Structure formats: structure tokens, C-alpha cells
Amino acid sequence: MINLNTLKMKNFLIPFLFIACFLMTACDSKDDPEINPIRFGRLDYTIRVGIGTNIGFVDGGGVYELTASNPDVLGKFYIDNETKTLRVIPSSTGESTLTITDVAADTSTTLRITVEDFYLSFTIKEIEGDNTNPYLDYNNEIRFIRDEGNTKPVKILWQNKVSYEIKCIAEGYFDIERSGTNIFTLNLKLRHDSDKEFKTFNYTLGGDGEYLKLFDKWFGYDWDDSIASKSLPVKQIKMTLTDPSNNCKITCTLQPF
């Protein structure tokens, strides 16, 4: 025999449980934060071989899978979640894509990365005196390059302040001579595309001294430790080129890399 009170209780519990489950599901969906997929400022990057590069990003689910089309070029790469950066330490020059799969967001982003030869970049900030070098001017960049053969190429670059386009206005080779009295001389052989022959320019080097350590390290001059100060690196490393013929001074600052 069916108990009417039991039947009434069952009829009450069923809708109650349904409503409770609905409310719990609604609460759970509100508690789950929306996951925005990982995003980068751009998709194309040019970096230098042998130099670790940090590429910043925003959002992301926190768990990622990274796949390089040319791992021999990109070398070592990983995501640092604490600093929100992609760290790439390339091992050779060339091109590669790097696909970052955001596991939580179930999306993928592919970056195109070009690895070029290492270079030290100096920007000209001040010129005192009569400058006879037509390739060096205010804000021009002097790019000292280490290629695979360490042939010490150099390029002089100029940037259009309106379009931000960078153009190479001269290229050639450089070397640094050291005298017995620790005088360092920069020898530049430069020419424009339209020039038939190289023009030679010589400058004695001065400034902070820290830049000499960088030349020694990257271009294998094997100078002894007395070439530069052993103090901590300064915030802005300066190199002064002095033309011995007329004492014209060209002050350059090292650009961070």
C-alpha cells in the first residue's frame, strides 16, 4: 500500500533537487574564470644569434606546448609564466616559426622568427668639430657585426623618423688596433652602394671602457684584463671616436641587446 505522505515527500524532493542542481551548476560556471588565449604584440621578430631574447605576451591559460619548425636555429626556448615572457636563446642564424599552443584556451599562435648575425649597436649622440666622415651623422647607427667567419663587417644605418624605416647608408669592415701604450684605434673601411672604392677612416677610442670588454668577448681580440675598468657596467655605455687629423669627437652610446 502506497504511503501518501511518502509520495508527497518524493514529489517535493524531485523539483527541489532539480533546482538545487541548476543553482550549483550556475554557481560553478560563474566561478570558472574566462580564459583569454595567449597574445603577442606582433607575429614577426628579428633577434641576434647567441643572445637570449625575451618576448612579452599577455593573457594565456598558463600551460603551453611549443613547437619550432627549425629547432637547430631557435636553440632553447620556453615560457616564463611569472614574467609573462617567451625566452628564446638561438643557436644559429636562419629562420624558423614557433607555434605556441595554449592548452587551456585550446588555441595556437605562430610566430615567425629570423635569427641574424650578432652585432654591437652604437647610436651617434654628439659630434664636436669638423666631421669629415659623410656616413656618420646624428642618430645614425653603427652596427659592428660578428658573422660566421668573424670577418668583422660593419653597417651604418639611418632611420626615417616619420615612417620608422631603417636604411643602410654605408657598409664595409672594421678592426681595432692596440698599441704598446694601450691606445686603441678603430679602423673603418666604408662605402655606399654607389661608391666604387672603400674610404678609410681611423679613430682613437675613448669613453667608458666597458665597450672594449664587449669587443674583446664577441670578436676574439684576446686583450688582457687591463683594457677596461672592472667596475660594474654603467647604465649608458659611451664610446668616443676621435679623428686624429682634426680632433673631431663623435660620441656614441651602446644600444641594449
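Quick caveat: nothing in here was measured; it's all calculated off a predicted structure.
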Answer with yes or no whether the side chains of [Y] and [X] bring together a donor and an acceptor at under 3.5 Å.
X	Y	result
Thr123	Glu141	no
Glu177	Ser179	no
Asn202	Asn187	yes

Residues two or more places apart in sequence or in another chain: which of them pass ring pair (Phe, Tyr, Trp, His ring centres under 6.0 Å) with [X]?
X	result
Tyr173	none
Phe118	Trp218, Phe257
Phe219	Phe174, Phe215
Tyr221	Trp223

Check your understanding: Between Arg87 and Asp80, is there a side-chain N and carboxylate O pair less than 4.0 Å apart?
Key ->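 Here Arg87 does not pair with Asp80 in a salt bridge, since their nearest N and O are not under 4.0 Å apart.
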Practice item. Identify whether the distance between the nearest side-chain nitrogen and carboxylate oxygen of Asp208 and Lys238 falls below 4.0 Å. Key: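 No salt bridge links Asp208 with Lys238.
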Point to revise | Between CG on residue Leu254 and CG on residue Leu214, distance to nearest 0.5 Å | key: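 Going from the CG atom of Leu254 to the CG atom of Leu214 covers 6.0 Å.
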Exercise for review: State the CD-OG1 distance between Glu148 and Thr93, to the nearest 0.5 angstrom.
Suggested key: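 Going from the CD atom of Glu148 to the OG1 atom of Thr93 covers 6.5 Å.
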Going by atom type alone, with no hydrogens or angles, which donor-acceptor pairs under 3.5 Å involve a side-chain atom of residues 65-74 and a protein atom two or more places apart or on another chain?
| residue | atom | partner | partner atom | Å |
| --- | --- | --- | --- | --- |
| Ser69 | OG | Ser96 | OG | 3.3 |
| Ser69 | OG | Thr97 | N | 2.9 |
| Ser69 | OG | Thr97 | OG1 | 3.0 |

Practice item. Examine distances only and state if a side-chain atom of Asp102 and a backbone atom of Thr107 form a donor-acceptor pair shorter than 3.5 Å. Key: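 Looks like no, no N/O pair under 3.5 Å.
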Point to revise | Partners meeting side chain to side chain donor-acceptor pair (under 3.5 Å) with Thr46 (sequence neighbours left out) | key: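 Result, side chain to side chain donor-acceptor pair (under 3.5 Å) vs Thr46: none returned.
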Exercise for review: Assess the pair Phe57 and Phe40: is the distance between their ring centroids shorter than 6.0 Å?
Suggested key: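 Yes.
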